Engineer: 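Below are the structure tokens for one structure; questions will follow.
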Amino acid sequence: MKASQLLSPTLRETPAEAEVISHQLLLRAGFIRKSAAGVYTYLPLAQRVLKKISDIVRQEMDREDGQEITLPIIQPAELWQESGRWNVYGDELFRLKDRHGRDFALGPTHEEIITDIVRGEVHSYKQLPLLLYQIANKYRDERRPRFGLMRGREFIMKDLYSFDRDEEGLAVSYKKMYDAYSRIFTRCGLKFRPVEADAGAIGGTGGTHEFMVIADSGEADIVYCDACDYAANVEKAEAKASIGAKETALELEDVSTPAVKTIDELASFLGVSPEKMIKTLVYRTEKGLVAALVRGDRQLNEIKLQNLVDTVQLHLADDETVRLLTGAAVGFAGPVYLPKSVCVQGEEITVKIIADEEVIHISNAVTGANKTDFHFRNVNHGRDFTPDQVADIRLAEPGEPCPRCDAALKSARGIEVGQVFKLGTKYSKALGANFLDENGKSREMVMGCYGIGVSRTMAAAVEQNYDENGIIWPVSIAPYHVVVVPVSSKDEEQVKAAEKIYQELKDLGVEAVLDDRNERPGVKFKDADLIGYPVRITIGPKTLAENKVEVFVRQQGQTTLEAIDSVAQGVAGLINQEVACLS
RNA sequence: CGGGACAUAGCGCAGUUUGGUAGCGCACCUGCCUUGGGAGCAGGGGGUCGCAGGUUCGAAUCCUGCUGUCCCGACCA
């Protein structure tokens, strides 16, 4: 491709709307343009990157006998009503009506429609397992689209659905996808980590892993262990209880603590360390109130609590409810003598006390006394309070022991680019996707679903590979491998040499761009760095006299001199070697 | 959905306080010149100042309403 004809409108300045680096660079380097909030046009360079990523995904899906299909984006409301998600999915579902007033949705995900196809066409155990996938646009009307391609309302996703006879079959399919995903992100040249994750609203019976591209700009917090393989999203990460020394229980006493509300204030006021305190957080759920207890120096993990209580709604109770429950101002709640129920606006609401495992092992703890400006000292589990449930409900933090091997946990930020789910029979049951087994007995198919954010992976690759001059594409997903730059477009000798090398590269199967624009060299170099071509070949007067050209490798920032006649061959070898290295 | 900010040429911005009919840099077009890290000179094209009302002789500027965009939070297969 000739740069003079390539639609890659680079910008000298960063558009004000772009905050994260991938958004800034993809706009500046002329890869994308915004059409509406969270909706982007992919220009030629982006299209090529997306195709490279998609091709890698396709190869690895096909390798595991995944079969590619295309499912409709416009989906009838009836299917969504059948699964129950028409009402549950909420405002995030893009809805539309046709001219007859019939309801449709733009697919945010495709469990319904794939299950519909399979229930109609697959009836025998002989046809299973079945792995079907597509690479397509997905639509989610995000409350707040942001970070450019990272969280859009229209985005490209690969989704594969597995259908198996039983849980054992599902485990096999799951493993296949897990391994395929690891190969895919490796081949894309990304530093990533599969982590244990929370299943969220999608539910399901088995485990789920998220594939995280490690980057500081990531939205997800993960903890991992270098000594063993343990890695998890903090939403899910197990926290190992640290048990303090047992002391002789002293007599319960209340102590005046005027206007001392926070753990820190209390620690300095009483001279007691936070790990000897019990923090009490009151939550309101559709199943009543929950008083959650964690050690003073710990943080509650709301997702663990929500899963434990099995609620849809979980929000911190408002001040008024806390006052009614404890009979005290906010900041003085505690488990001792906490009422079993409370009357809020004429409604009787039950209260459940749930304690983190560590809490019941604190001897002579300090807690709120449910009396304004008072706390209790010497609170002991069993004698002074008895939780309804004891479980791991706190947030795991870096530095604490790994739940598997006790080495110190580390933390990192990650961008979720893929997730694998064991769905079980949730959708096959709702939509009636059954098959007959060897005994002629009808059974529900056991499903899994596996997503990769293709457009997000492109953005994640930029987040992980850039410098102050621009993008540094991994060779395997770079839009082009090489840019050939004659320093002067008016120097016939340089132009001729450049054209020759460009042609040779193309003949060798190397994807090359010839920067034939009548620009000063600085402009061409800046654009090359910004766009992120892995290799730049520069033909200039200094070296041409010796029949040599410069080869600049973007990743290493190093320049070497090569003979004109062999440079194409050499660069082709380098490119092939790089790609092979990744797969 | 709560809080905050912004909206003037493709991009970055000034002009708004104090109303007088729109400007700068980059980009774009023509010519000259130049060619090793976003050159220089000369000429040129491009904007119903987000939209709709209102005040006024006159509105980018003041008032009202709306829309869009971004950030923080809540939310999120």
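The structure presented is a predicted model; accordingly, all values stated were derived computationally and were not measured. Here is how names work: the chains are called A, B, and so on, in the same order as the sequence lines, proteins then strands, and each is numbered from 1. Values below: every heavy atom of this structure, side chains too, minus hydrogens, waters and symmetry copies.
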Engineer: What residues, two or more places apart in sequence or in another chain, satisfy salt bridge (Lys or Arg N to Asp or Glu O under 4.0 Å) together with D221(A)?
Structural biologist: R413(A)
Engineer: Could you check which nucleotide pairs with A7(B) in any of the strands shown, counting Watson-Crick or G-U wobble with both distances under 3.5 Å?
Structural biologist: U67(B)
Engineer: Under 3.5 Å, which donor-acceptor pairs link side chains of residues 536-546 of chain A to any protein atom two or more places apart or in another chain?
Structural biologist:
{"from": "R536(A)", "atom 1": "NE", "to": "T538(A)", "atom 2": "OG1", "distance (Å)": "3.1"}
{"from": "T543(A)", "atom 1": "OG1", "to": "K548(A)", "atom 2": "O", "distance (Å)": "2.9"}

Engineer: Summarise how protein sits on nucleotides 42-47 of chain B as a single string, 5' to 3': B when a protein heavy atom is under 4.0 Å from the base, S for sugar-phosphate-only contact, - for no contact.
Structural biologist: ------
Engineer: Can the ring centres of F31(A) and H23(A) be said to be less than 6.0 Å apart?
Structural biologist: no
Engineer: Are there any protein N/O atoms within less than 3.5 Å of an N/O atom in nucleotides 71-74 of chain B, and if so, which ones and at what distance?
Structural biologist:
{"from": "C72(B)", "atom 1": "OP2", "to": "R144(A)", "atom 2": "NH2", "distance (Å)": "2.2"}
{"from": "G73(B)", "atom 1": "N7", "to": "R144(A)", "atom 2": "NH1", "distance (Å)": "3.4"}

Engineer: Would a line drawn from the ring center of F104(A) to the ring center of W86(A) be shorter than 6.0 Å?
Structural biologist: no
Engineer: Please state whether the base of G36(B) and the side chain of R536(A) form at least one donor-acceptor pair under 3.5 Å?
Structural biologist: no
Engineer: In terms of the angle between their ring planes, are Y178(A) and H209(A) parallel, tilted or perpendicular, with boundaries placed at 30° and 60°?
Structural biologist: perpendicular
Engineer: Of all the nucleotides listed (C70(B), G12(B), U35(B)), which has the minimum atom distance to the side chain of A37(A)?
Structural biologist: C70(B)
Engineer: Nucleotides 27-33 of chain B: which of its N/O atoms have a protein N/O under 3.5 Å away?
Structural biologist:
{"from": "A27(B)", "atom 1": "OP1", "to": "R12(A)", "atom 2": "NH2", "distance (Å)": "3.0"}

Engineer: Looking at residues at least two apart in the chain, or sitting in another chain, which of them share a side chain to side chain donor-acceptor pair (under 3.5 Å) with W80(A)?
Structural biologist: Q75(A)
